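Since we're looking at a predicted model, the values are computed, not measured. Just the heavy atoms: all of them, side chains too, but no hydrogens, waters or symmetry mates, feed the values below.
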Amino acid sequence: MLASLGMAGDSRPTTLSREELGAVKKQAKRCWKIPAGWSEPRQVSVTIRFELNRDGTLKGSPSVVAFPASEMGKTAALNAIRAVAECAPFKLPPEKYDEWNDIQLRFEP
């Protein structure tokens, strides 16, 4: 469902483990509701960006980076923003905060 998790605007490789990244994906995945009626993944695939505080809580409001230009795409994007807000706080190692404080997350079925 969630295809990628990466540091927004940063090409540095992350030292977060696969398990740490997977935990964020899994946590956000539980809260994302895909709009009914989609027939192709690209109709509802969205990317959002958000910042986290050191304790894993959301810092500010998530923003949409990319979404399909349709009513269904807009709904998928709003649902992704809602999912991140509802599923926070995220459990990540505080000592690696500089690597995960700014996240770009792709949601796709």
Side-chain angles (χ1 to χ4, degrees):
M1 187 177 228
L2 302 178
S4 67
L5 172 74
M7 308 321 291
D10 191 351
S11 59
R12 290 180 301 150
T14 181
T15 58
L16 291 175
S17 72
R18 183 176 288 229
E19 291 79 22
E20 291 163 340
L21 294 174
V24 172
K25 291 179 187 181
K26 185 177 180 180
Q27 190 170 338
K29 176 183 174 180
R30 285 193 320 247
C31 298
W32 188 48
K33 294 175 181 47
I34 301 171
W38 66 277
S39 58
E40 291 184 37
R42 68 176 177 218
Q43 290 177 299
V44 293
S45 297
V46 299
T47 302
I48 64 168
R49 181 178 179 175
F50 56 97
E51 292 183 61
L52 297 172
N53 294 306
R54 192 171 292 278
D55 63 358
T57 58
L58 196 57
K59 180 179 184 179
S61 299
S63 60
V64 178
V65 174
F67 71 99
S70 68
E71 222 23 68
M72 193 176 301
K74 187 176 183 178
T75 301
L78 292 173
N79 289 352
I81 288 171
R82 191 174 299 118
V84 169
E86 289 176 4
C87 280
F90 292 93
K91 313 269 187 281
L92 290 161
E95 67 276 7
K96 295 181 180 180
Y97 177 70
D98 289 338
E99 295 179 45
W100 56 257
N101 65 334
D102 190 357
I103 294 176
Q104 187 164 298
L105 184 62
R106 179 136 178 101
F107 288 75
E108 58 187 359

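Expressed to the nearest 0.5 Å, how far CZ of R54 lies from NZ of K96 amounts to 14.0 Å. Taking CZ of R42 as the reference point, atom OG of S70 lies at 11.0 Å (rounded to 0.5 Å). Atom OG1 of residue T75 and atom NZ of residue K33 lie 13.5 Å apart, to the nearest 0.5 angstrom. Residue E51 holds its CD atom at 10.5 Å from OG of S61, rounded to the nearest 0.5 Å. Summarising the geometry, atom NZ belonging to K26 is positioned 12.0 Å from atom CD belonging to E19; distances are rounded to the nearest 0.5 Å. Here the CZ-CD1 distance, from F50 to I103, works out to 4.5 Å after rounding to the nearest 0.5 Å.
When the side chains of ILVMFWY residues are joined at heavy-atom separations under 4.5 Å, either directly or via intervening members, V24 and L58 end up in a single hydrophobic cluster. V44 and V65 end up in different hydrophobic clusters when Ile, Leu, Val, Met, Phe, Trp and Tyr side chains are linked at under 4.5 Å.
Scanning both residues, Q43 and P68, for their nearest heavy atoms gives O-CG, 3.2 Å. Smallest separation of non-hydrogen atoms from F67 and A77: CB-CB, 4.0 Å. E20 and L92 make their closest contact through O-CD2, 3.9 Å (heavy atoms, listed as atom of the first residue, atom of the second, distance). The shortest heavy-atom contact between G56 and A88 is O-CB, 4.2 Å. Residues L52 and F90 approach most closely at CD2-CD1, 3.9 Å, considering heavy atoms. The minimum heavy-atom distance linking D98 with N101 is given by the pair O-OD1, 3.5 Å.
A donor-acceptor contact shorter than 3.5 Å links the side chain of S45 to the backbone of P41. In terms of modelled atom types and a separation under 3.5 Å, the side chain of Q27 and the main chain of C87 share a donor-acceptor contact. For the pair D55 (side chain) and T57 (backbone), a donor-acceptor distance under 3.5 Å is present. Of the possible donor and acceptor atoms, none in the side chain of R49 sits under 3.5 Å from a partner among the backbone N and O of S63.
Shown here are the salt bridge (Lys or Arg N to Asp or Glu O under 4.0 Å) partners of R82, two or more places apart in sequence or in another chain: there are none.
Annotation: side chain of F107 is in contact with side chain of V84 (closest heavy-atom distance under 4.5 Å). Between P93 and W100 there is a side-chain heavy-atom pair separated by less than 4.5 Å. Within the 4.5 Å cutoff, the side chain of I81 has heavy atoms near those of the V64 side chain.
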